[in-house]
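I have placed the structure first, in the form of structure tokens, so that the comments after it can refer back to it.
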Amino acid sequence: MSIKESHSLNWDDLKYFLAVARTGTLRGGADSIQVNHTTLTRRISVMEERVGSRLFDRSKSGLALTQLGEDLMPHAERVEAEMASASRIIVGRDAQPSGTVYVTLPHGLAMTSLMDDFAAFAELYPDIILNMNFTNDIRDLMRREADVSLRIADEVTDDVVGRKLVQMSQAAYCTRDYAERISDNGGEGLHLIGWHEPEEATTAKWVKDSYYPKAQLKHRVSELVPLITLAASGLGMAYLACNLGDRHPDLIRAPFQRPLRYRNIWLLLHRDLRNTARVRLFVDFLAERVRSRRNEFWVSGTVTADSRHSPGLDN
């Protein structure tokens, strides 16, 4: 063993040394750092053997520092202070995580109560920044285009960590004035606002599968926000997820129907980010909040028939 190796010390050596120096006895030092008395005695002996000299003088009154022990004391205390400082940084960051969480989600969710959840999370964790990208494009989590993705779908097949947060219901919505025109006749004489159907088409499969199979498609939109705005203006009926339609002050569920089963809200994240504190906090927080309001998304009386295609939140 070289001279350099024989005189090497580590933090455990200094911890035991400080415990004995401060209490003046081996037993007191052992109690102060909650280790076995025999263990502490052995570690001090090994330490003195390494440095090649005694660190303590033994007497009936206890242990006193030798000159070498006194010289070592301030260095040991500085190391102790640095270790304590490092521990505070680690614990502090764990208790108050910081950084940015990149979230991607469809436009429609911007008009739902999930925005209240985002605001509540930001208030609870002020050092975490939410960078939200509202898009109907599916972002590639494997390429780290986002940390977390909210998606509206029946199933998700991506190789990512996924949580199905909640099943949704959907229904036809209209204004109160428009609702007065509706009879129990399958929607005859009424209009449903269309999406991307051919211009000459006056019906579609989702119309025929609805409670208003005789209603005709009239007018078209390409985005969810104008669909809601136009329906609230009285242009016609629009199929919406119930957690969205029920939230709008100028819309009601059209009469003579039952809500239909719709898609699921999925919360997805990259596998490598499962243990990242800020991402895990956001995912767990959002999942708990949404699931606690399950009845807002899956409403009473929903028909659990085969899945039927209809416009909705993912547009």
Side-chain angles (χ1 to χ4, degrees), residues 105-118 134 136 150-156 163-182 184 186-187 190-195 204-213 215 217 221 223-267 286-315:
L105 63 165
H107 294 133
L109 291 179
M111 305 181 70
T112 71
S113 60
L114 268 73
M115 299 302 98
D116 300 329
D117 299 328
F118 282 25
F134 290 88
N136 294 328
L150 284 158
R151 194 177 301 175
I152 310 299
D154 287 314
E155 297 293 337
V156 172
R163 294 189 189 185
K164 184 167 69 174
L165 293 186
V166 68
Q167 174 88 58
M168 292 189 293
S169 305
Q170 62 176 341
Y173 287 83
C174 63
T175 63
R176 289 170 177 80
D177 289 342
Y178 198 94
E180 294 178 358
R181 299 165 46 187
I182 301 177
D184 189 11
L190 302 177
H191 296 138
L192 280 161
I193 303 173
W195 285 85
K205 184 179 184 303
W206 65 267
V207 177
K208 295 177 181 178
D209 288 343
S210 73
Y211 280 88
Y212 309 103
L217 290 176
V221 295
E223 295 286 346
L224 180 61
V225 173
L227 172 67
I228 296 171
T229 303
L230 290 169
S233 298
L235 186 66
M237 296 186 293
Y239 260 91
L240 303 169
C242 292
N243 65 299
L244 180 55
D246 290 346
R247 188 178 173 91
H248 198 287
D250 297 324
L251 292 173
I252 63 171
R253 294 183 203 170
F256 307 109
Q257 67 168 329
R258 294 180 66 185
L260 302 174
R261 174 192 175 278
Y262 191 46
R263 297 168 183 157
N264 306 302
I265 299 181
W266 290 84
L267 185 57
L286 190 61
E288 181 179 359
R289 294 266 299 201
V290 171
R291 287 169 174 166
S292 71
R293 305 192 308 275
R294 189 178 303 273
N295 291 339
E296 175 186 324
F297 300 88
W298 178 264
V299 301
S300 176
T302 296
V303 177
T304 57
D306 293 339
S307 180
R308 306 169 185 182
H309 175 68
S310 178
L313 271 177
D314 51 338
N315 291 284

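This is a predicted model, so every value here is computed, not measured.
- Remark: side-chain polar atoms of T229 are not paired, donor with acceptor, to backbone N or O of P226 under 3.5 angstrom.
- Closest approach of A215 and L192 over heavy atoms only: CB-CD1, 4.0 Å.
- Atom CD of E180 and atom SG of C174 lie 10.0 Å apart (nearest 0.5 Å).
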Go through F118 and L109 one step at a time and tell me if the side-chain contact (heavy atoms from CB on, under 4.5 Å) criterion holds.
CA-CA 11 Å; F118 282 25; L109 291 179; over 6 Å; no

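- The distance from atom CG of L267 to atom NZ of K164, rounded to the nearest 0.5 Å, is 14.0 Å.
- Q170 contributes no side-chain N or O that, together with a main-chain N or O of C242, makes up a donor-acceptor pair within less than 3.5 Å.
- The structure places CD1 of I193 at 4.5 Å from CG of L235, a figure rounded to the nearest 0.5 Å.
- With rounding to the nearest 0.5 angstrom, the OG1 atom of T112 is 6.5 Å from the CD1 atom of I265.
- Under the side-chain contact (heavy atoms from CB on, under 4.5 Å) criterion, D117 pairs with L114, L286, R289, V290, R293, not counting sequence neighbours.
- Judged purely by atom type and a 3.5 angstrom limit, S169 uses its side chain to pair as donor or acceptor with the backbone of V299.
- Legend: residues meeting side-chain contact (heavy atoms from CB on, under 4.5 Å) with R291, ordered by chain and number and at least two apart, are R163, L165, A287, R294.
- In terms of heavy atoms, E296 sits closest to S113 at OE2-OG, 2.5 Å.
- Counting heavy atoms from C-beta on, the side chains of V166 and N264 never come closer than 4.5 Å.
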For a side-chain contact (heavy atoms from CB on, under 4.5 Å) check, start with the C-alpha distance between Y173 and D246, then their side-chain angles and the critical distance, and finish with the verdict.
CA-CA 9 Å; Y173 287 83; D246 290 346; 2.6 Å; yes

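- Across all non-hydrogen atoms, the minimal contact from I228 to H248 is CG2-CD2, 3.4 Å.
- With a 4.5 Å cut-off on side-chain heavy atoms, M237 and Y212 count as touching.
- Between I182 and P255, the shortest heavy-atom distance links the atoms CD1-CD, 3.7 Å.
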Walk me through it: do F134 and L105 pass the test side-chain contact (heavy atoms from CB on, under 4.5 Å)?
CA-CA 5 Å; F134 290 88; L105 63 165; 3.5 Å; yes

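- In this structure the side chain of L224 reaches within 4.5 angstrom of the side chain of L240, judged on heavy atoms.
- A 4.5 Å side-chain heavy-atom check between V303 and Y211 finds at least one atom pair inside the cut-off.
- Under the 4.5 Å side-chain criterion, counting only non-hydrogen atoms from C-beta, T302 is not in contact with Y262.
- For A171 against P259, the heavy-atom pair with the smallest separation is CB-CA, 4.4 Å.
- The closest side-chain heavy-atom distance from Q167 to R261 is below 4.5 Å.
- For Q257 against A172, the heavy-atom pair with the smallest separation is NE2-O, 2.8 Å.
- Distance check: I252 CD1 to Y178 OH gives 12.5 Å after rounding to the nearest 0.5 Å.
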